[in-house]
Protein chains: 2
Amino acid sequence: MKNRQERKLLTRQSLMSAALQWVEEGQHFSSLSIREVAKRAGVVPTAFYRHFKDMDDLALNLVDELSLVLRQLMREVRQERASPTRIIEASVQQYCQYVASQRVFFLFMSQSMTGGTTVVRQAVRSELQYFAKELVVDLRRLDLLPNMEPAMVDHLADLTISTVAFATVQLLDLVDSGPQARQAFEYKLTRQLQLIYIGAANWRRA
Amino acid sequence: MKNRQERKLLTRQSLMSAALQWVEEGQHFSSLSIREVAKRAGVVPTAFYRHFKDMDDLALNLVDELSLVLRQLMREVRQERASPTRIIEASVQQYCQYVASQRVFFLFMSQSMTGGTTVVRQAVRSELQYFAKELVVDLRRLDLLPNMEPAMVDHLADLTISTVAFATVQLLDLVDSGPQARQAFEYKLTRQLQLIYIGAANWRRA
DNA sequence: ATTAACTGTGTACAAGCGTGCACAATATGC
DNA sequence: GCATATTGTGCACGCTTGTACACAGTTAAT
C-alpha cells in the first residue's frame, strides 16, 4: 500500500461514517463512545486519537460535512425556477425529498441543535444562521418586500429557518408513517410558510 | 418515622429532582446513569428500581411534571388581559419570564424534543400538541379569523407553538448573555409572531 | 402478636469506558 | 540506503456502568 495520507483519510472517514451509522440506528450521538466508534470503524480504540482529540472534535468535523450538505441543498433549491406563487410549494417539496435522501445528516443536525455539547450546538446554530443570511440575500434579490426595513427581513429569514428546522425534526420521525402522512406534512409546512409570507407582504413598518 | 407511602414519595422526588439537577448543570439527560442519579438522591443504586423501571421511565414521569408546569403557564398567560393589539407582546414577555423562572423544566423539554428515546420524544411532542389545541380554542373564543377554515387554524396554532418552542431553545442559551440580548430576543420573537398573525388576518382560503 | 409486604442496603460480577504506553510496520525526507 | 515521522496495534490500568441477589429494618395487615 502506498500514500500514507490517503490511508489516513480513509480510516478518518471510516470513523466519521461509523458515527453517522450510530445516529442512523436511532442512537444519540452523545451516547457514542470512542471504543464503540473505533470498533465500528474497524480500528483499535487508541487509533481514534490519531485523528480526533475527542468525540467533540469528531462532532465538529461532522458539522463541517453537514455544512456541505446544506450548501448543496441551497444550490438545488435556488436553481429551481418556479413561479413566484408556487415557489414555496416547490421548495418545500424539494426540501422534504432532500431530507429523505440525506436523512442521517439531518438526524445529526436535529440532535445537535439541542443535544450535544455547547460548542457543537453553537456550531450547528451558526450553520443555520448562515442559511438565514443567504435567505436574506435571496429575498433582497427577488426585490419583494421593498417596504420592509432590513432588521425585519432578518427576523423574517430567521423565522423561516426556525420553522423549517423545527418541522424537520417532525419529518424525521415520519419515516415509517405512510406516504399520506408525509403528504399531509408537506401540505402543512407549505401552508405555514405561505402564512408567514402573506404576513410579510402585508407588513407595515411599526 | 411513620407512613411508608410518604417516605417512598420523598425518595422518588429526590430521584427526580436529582435528574433535573443534572440537566441544570448543562448535562444531557441521556448521559445520566442510574448510579449517578441514585448517588445524587442519596440512595444506593439498586434502590432506584423500587421507583422506576429504567431511566426512560423516570423521564416519562418528568414529562408529566413538565405537563403541570406548562398548564400553569397557560393559565397565567390566559388571565393576562392585554389589549388585542398588545396581546402578543405581553404574552411573549410573560412567557420569557416564566421560562427563566422554570428554567430547568424547559431545558429538559428542549433536550427531550429531539434528544431522548422515541417514547420520551413522543410524550413531549404530545404535550406541545395539547398546547396547540388549547390555543385553537382560544383563537376560536376570541372570534378573530372567522374567515379561516378549521384546518388552517390548526396549522396556525401549530406554527405558533413551533416558533415559540424553537425560540425557547435559543432563549435557554442566553442565560449568561446580558439583559440587552434578552431584550433583543423578546423583540425578535414578538415581531415574528406578529408577522404570523398579520398573515393569518390576511389569509384568504385557497 | 405474628406474619407478610415493602423499601432501602451491601456486596458482587461481568462488561464497557477513556486513555497512557511501548511497540511494529511502513511511507517519506534526506 | 538510512534515519525519521507517522499510523495502527496490543496491553494495562483504574474507573463506571447495569443489575442480580441476599438481607435488614419498618410498616401494614391479619
Side-chain angles (χ1 to χ4, degrees), chain A residues 1-62 111-112 115-120, chain B residues 1-62 111-112 115-120:
Chain A
M1 315 281 174
K2 282 194 278 186
N3 202 329
R4 189 148 56 191
Q5 302 186 26
E6 275 183 33
R7 301 291 291 169
K8 174 161 186 177
L9 202 75
L10 217 96
T11 67
R12 179 193 162 90
Q13 285 172 340
S14 290
L15 286 165
M16 292 178 73
S17 51
L20 287 181
Q21 183 196 345
W22 179 261
V23 170
E24 199 160 28
E25 289 172 8
Q27 306 278 0
H28 199 279
F29 180 85
S30 72
S31 72
L32 177 59
S33 65
I34 289 180
R35 291 185 104 102
E36 180 66 29
V37 74
K39 196 201 310 185
R40 282 161 177 258
V43 292
V44 91
T46 47
F48 177 89
Y49 297 103
R50 303 291 186 195
H51 303 272
F52 306 102
K53 187 175 149 287
D54 49 28
M55 288 303 284
D56 243 45
D57 190 16
L58 194 158
L60 289 176
N61 281 277
L62 281 179
Q111 279 191 1
S112 305
T117 324
T118 308
V119 290
V120 179
Chain B
M1 313 283 174
K2 281 194 276 186
N3 202 330
R4 189 149 54 190
Q5 302 187 24
E6 275 182 33
R7 301 291 293 169
K8 173 160 186 177
L9 201 75
L10 217 97
T11 65
R12 180 194 162 89
Q13 285 172 341
S14 290
L15 286 166
M16 292 177 75
S17 50
L20 286 181
Q21 184 196 345
W22 179 261
V23 170
E24 199 160 28
E25 289 172 9
Q27 307 278 358
H28 199 278
F29 180 85
S30 72
S31 72
L32 177 59
S33 66
I34 289 179
R35 291 185 102 103
E36 181 66 29
V37 74
K39 195 198 317 182
R40 283 161 176 257
V43 293
V44 92
T46 48
F48 177 89
Y49 297 103
R50 303 292 186 193
H51 303 271
F52 305 103
K53 188 173 150 289
D54 49 29
M55 288 303 285
D56 243 45
D57 191 16
L58 195 157
L60 289 176
N61 281 278
L62 281 178
Q111 279 190 2
S112 304
T117 326
T118 308
V119 291
V120 179

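Chain identifiers are assigned alphabetically (A, B, ...) following the order of the sequence lines, protein sequences preceding nucleic acid strands; residue numbering begins at 1 within each chain. Hydrogens, waters and symmetry mates play no part in the numbers below; they use all other heavy atoms, side chains included.
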Requested in this report: Encode nucleotides 1-6 of chain C as B, S and - characters from 5' to 3', where the letter depends on protein heavy atoms closer than 4.0 Å: B to the base, S only to sugar-phosphate, - to neither.
Outcome: ----BB
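With sequence neighbours excluded, no residue forms a side-chain hydrogen bond (donor to acceptor under 3.5 Å, both in side chains) with B:Gln111.
Protein atom CE of A:Met55 is 17 Å distant from nucleotide atom P of C:dG16, rounded to whole Å. To the nearest angstrom, P of C:dT9 lies 15 Å from CZ of B:Phe48. Atom C1' of nucleotide D:dG18 and atom CG of B:Leu32 are separated by 13 Å, given to the nearest angstrom. Atoms CG (B:Leu9) and C1' (C:dT7) sit 14 Å apart, rounded to a whole Å. Protein atom NZ of B:Lys53 is 12 Å distant from nucleotide atom P of D:dA20, rounded to whole Å. Nucleotide C:dT7 holds its P atom 9 Å from the CD atom of B:Gln5, rounded to whole Å. A:Phe52 places its CZ atom 13 Å from the P atom of D:dT7, with the value rounded to the nearest Å. Rounded to whole Å, the distance from CG on B:Leu10 to C1' on C:dT7 is 13 Å.
To the nearest 0.5 angstrom, B:His51 atom NE2 is 11.5 Å from B:Met16 atom CE.
Side-chain nitrogen and oxygen atoms of A:His51 include at least one within less than 4.0 Å of the OP1 or OP2 phosphate oxygen of D:dG8.
Contact of B:Arg35 with D:dG18 (side chain to base): a donor-acceptor pair of N or O atoms is detected under 3.5 Å.
B:Ile34 places none of its side-chain heavy atoms less than 4.5 Å from the side chain of B:Phe52. Counting heavy atoms from C-beta outward, B:Val37 and B:Trp22 have side chains that stay 4.5 Å or more apart. When side chains are defined from C-beta on, A:Leu62 counts as touching A:Phe29, because their heavy atoms get closer than 4.5 Å. The side-chain heavy atoms of B:Leu9 and B:Arg12, taken from C-beta on, include a pair separated by under 4.5 Å.
When all heavy atoms of B:Gly115 and A:His28 are compared, the closest pair comes out as O-CD2, 3.2 Å. When all heavy atoms are compared, the tightest approach of A:Ala19 to A:Leu58 is CB-CD2, 3.8 Å.
Nearest nucleotide to the side chain of A:Arg50, out of C:dG18, D:dG8, C:dT9: D:dG8.
Nucleotides of DNA chain D nearest to A:Arg12 and B:Asp54 differ in position, and the one nearer the 5' end is that of A:Arg12.
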Report task. Could you go through the side-chain contact (heavy atoms from CB on, under 4.5 Å) check for B:Leu32 and B:Gln27 one step at a time? Result -> CA-CA 8 Å; B:Leu32 177 59; B:Gln27 307 278 358; over 6 Å; no
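For residues 38-46 of chain A, proximity to DNA chain D is found at A:Val43, A:Val44, A:Thr46, defined as any non-hydrogen atom under 4.0 angstrom from a strand atom.
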